[in-house]
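The block underneath contains the structure these notes are about, expressed in structure tokens.
Naming convention: chains lettered A, B, ... in sequence-line order (proteins, then strands); numbering from 1 in each chain.
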2 protein chains.
Amino acid sequence: MKEKKISITKEKIKRSAIELFNTKETLSITTNHIAKHAGISSGNLYYHYKNKEEIIREIYTEMSSTFVSFNSFEKIATSENPLKELSLMFDIYGELFWSYRFLMRDSAVLMAMDSELKTMFSKNQEKRISQIDGLLRYLISQDILEGIPNDEIPIRAKLHWFISAYWQVFTSSSSEITKDSIKEAKDIIFKIHIYPFLSDKGKNLVNQ
Amino acid sequence: MKEKKISITKEKIKRSAIELFNTKETLSITTNHIAKHAGISSGNLYYHYKNKEEIIREIYTEMSSTFVSFNSFEKIATSENPLKELSLMFDIYGELFWSYRFLMRDSAVLMAMDSELKTMFSKNQEKRISQIDGLLRYLISQDILEGIPNDEIPIRAKLHWFISAYWQVFTSSSSEITKDSIKEAKDIIFKIHIYPFLSDKGKNLVNQ
DNA sequence: TAATAATTAGAGTAATTACTCTAAATTTAA
DNA sequence: TTAAATTTAGAGTAATTACTCTAATTATTA
């Protein structure tokens with residue numbers, strides 16, 4: 001079993017990159033900036049990372065696996081109050097999206113610059129959408145949601161993901177991303193896309 | 001009254017840019033590519049345009065004013081069947097979005113590279129959203145739509161715009177933009193966000 | 001301790017590409 | 001027809017920035 005040694009420097013590079021990307025214009029940040037901010041030389045940065053894209057991809061992978069670790073259909077399915085559980089899960093995602101907000105905000109830009117990242121993103125996206133699809137079906141099967149035509153489920157799943165993932169792209173076109181703008185995406189999904197389809201049982205769960 | 005003389009070369013540059021941006025990766029297209037495709041020299045291109053961004057901004061302005069020329073609240077408000085009129089208008093927008101699809105697809109990238117374009121885009125966006133807001137209120141006032149809480153109108157207007165303008169960003173993250181993917185955005189707005197709120201009167205209008 | 005391996009600095013390179021400059025060609029005006 | 005203005009070509013520049021290379025330092029191991 002090969003042990004991956006965690007290099008402190010490598011970690012420092014990643015953290016610096018996240019902080020700079022989050023707080024400045026992603027496009028304006030060069031590898032030299034990242035190295036400087038990490039307090040190391042440019043050559044050293046390239047000793048740890050093959051190139052700039054690799055840094056970003058590693059950050060994406062980090063966020064992605066954190067996401068997956070919090071993401072559990074079982075937890076929702078076994079909960080007494082699946083809707084509340086879902087809401088909590090959204091709050092955790094919100095924190096995550098905030099920590100890695102440049103990835104959400106500039107996803108389009110980053111994908112345009114790195115096709116490998118685009119592939120990763122796109123694959124991940126498909127998984128999330130089919131997960132949402134399954135979740136909607138589950139909530140309907142449990143008579144928590146009602147009145148959603150079966151043939152609308154796929155497009156609704158797509159739409160939910162679209163809002164979760166792209167609302168920050170939209171927001172950042174006219175203002176800064178804030179924790180509130182992240183919460184806004186959750187609100188849209190719940191208030192506009194879930195609550196109107198609550199069964200009586202579902203309504204009770206929400207009011208609990 | 002100063003007459004703007006239309007330069008054939010300038011026009012040729014614009015058309016070439018649109019075609020290249022639409023059909024290739026926007027980021028990969030250089031001014032040299034555009035000049036070559038237009039059959040002129042690079043120096044000539046810069047005689048007509050101050051810089052690359054100016055070309056893109058001019059294309060954006062062109063699309064924007066075409067949009068506005070088709071965009072008429074009056075036409076909807078005076079129509080016997082406002083919903084059908086709205087649907088027709090969406091089809092025209094769809095054509096427009098197709099012709100300038102790189103602007104929709106890569107809006108985030110382009111804005112990241114040109115803050116002036118971002119400002120234009122953002123101002124335009126605000127106008128569209130308040131227009132949609134007004135339209136929703138009108139349809140409600142005419143008892144065509146019902147059941148939409150008043151305090152939800154602003155966020156729904158935002159959401160409608162978001163879907164119209166950003167669905168192509170989402171689509172292009174996993175596949176090519178097609179006329180179908182543009183139509184999909186319309187379908188989502190109508191099927192998911194309008195039809196469920198149709199009054200009996202509204203339903204009749206749709207079935208006409 | 002000596003030898004080897006891993007890490008680091010930082011100067012320097014290489015490639016890209018937006019944009020400039022000048023002189024020539026063409027068009028317009030007088 | 002000649003002078004002036006506009007348009008064009010294309011070679012060349014300038015600036016940026018991702019990335020390389022080498023030599024030195026530090027850590028590890030035998």
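For A:Glu152, the CD atom counts as densely surrounded, since its 6.0 Å shell holds more than 12 non-hydrogen atoms of other residues, nucleotides or ligands.
Per the geometry, NZ belonging to B:Lys36 stands 18 Å off C1' belonging to D:dT8, to the nearest Å. Rounded to an integer number of Å, the gap from NZ of B:Lys10 to C1' of D:dT8 is 16 Å. Per the geometry, CD1 belonging to B:Ile8 stands 14 Å off C1' belonging to D:dT8, to the nearest Å. As a whole-Å value, the separation of A:Glu11 CD from C:dT7 P is 15 Å.
Residues B:Ile129 and B:Ala157 come closest through the heavy atom pair O-CB, 3.7 Å.
Contact check, B:His48 against D:dT6: no side-chain N or O comes under 4.0 Å of OP1 or OP2. For A:Tyr47 and C:dT7, the shortest distance from a side-chain N or O to OP1 or OP2 is below 4.0 Å. The phosphate of D:dG10 has neither OP1 nor OP2 within less than 4.0 Å of any side-chain N or O from B:Ser41.
Across all strands, B:Ile40 comes closer than 4.0 Å only to sugar-phosphate atoms, never to a base (heavy-atom distances).
Recorded end-axis angle for the helix from C:dT1-D:dA30 to C:dA30-D:dT1 stands at 0°, based on five pairs per end and rounded to 10 degrees.
Under the 30°/60° scheme for interplanar angles, the aromatic rings of A:Phe67 and A:Phe97 are found to lie parallel.
By the salt bridge (Lys or Arg N to Asp or Glu O under 4.0 Å) test, A:Glu53 pairs with no residue at all, sequence neighbours left out. Not a single side-chain hydrogen bond (donor to acceptor under 3.5 Å, both in side chains) links B:Lys179 to another residue, sequence neighbours left out. Evaluation of the side chain to side chain contact (heavy atoms under 4.5 Å, CB included) rule for B:Asn150 yields B:Arg137, B:Ile153 as partners, not counting sequence neighbours.
In this structure a side-chain-to-backbone donor-acceptor pair under 3.5 Å is missing from B:Glu25 to A:Ala112.
Residues from residues 21-30 of chain A placing a heavy atom under 4.0 Å of any atom in DNA chain C do not occur.
Here B:Lys10 does not pair with B:Glu54 in a salt bridge; the nearest charged N to carboxylate O distance is not below 4.0 Å.
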At a cut-off of 3.5 Å, list every protein nitrogen or oxygen paired with a nitrogen or oxygen from nucleotides 19-23 of chain C, distance to 0.1 Å.
from: C:dC19; atom 1: OP2; to: B:Tyr46; atom 2: OH; distance (Å): 3.4
from: C:dC19; atom 1: OP2; to: B:Lys52; atom 2: N; distance (Å): 3.1
from: C:dC19; atom 1: N4; to: B:Ser42; atom 2: OG; distance (Å): 3.4

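Side-chain contact check for B:Gln125 and B:Arg128: no donor-acceptor pair (N or O, by modelled atom type) lies under 3.5 Å. A donor and an acceptor atom, one from each side chain of B:Lys186 and B:Ser87, are located under 3.5 Å apart.
Looking at B:Phe102 and B:Ile59, their side chains come closer than 4.5 Å, going by heavy atoms from C-beta outward.
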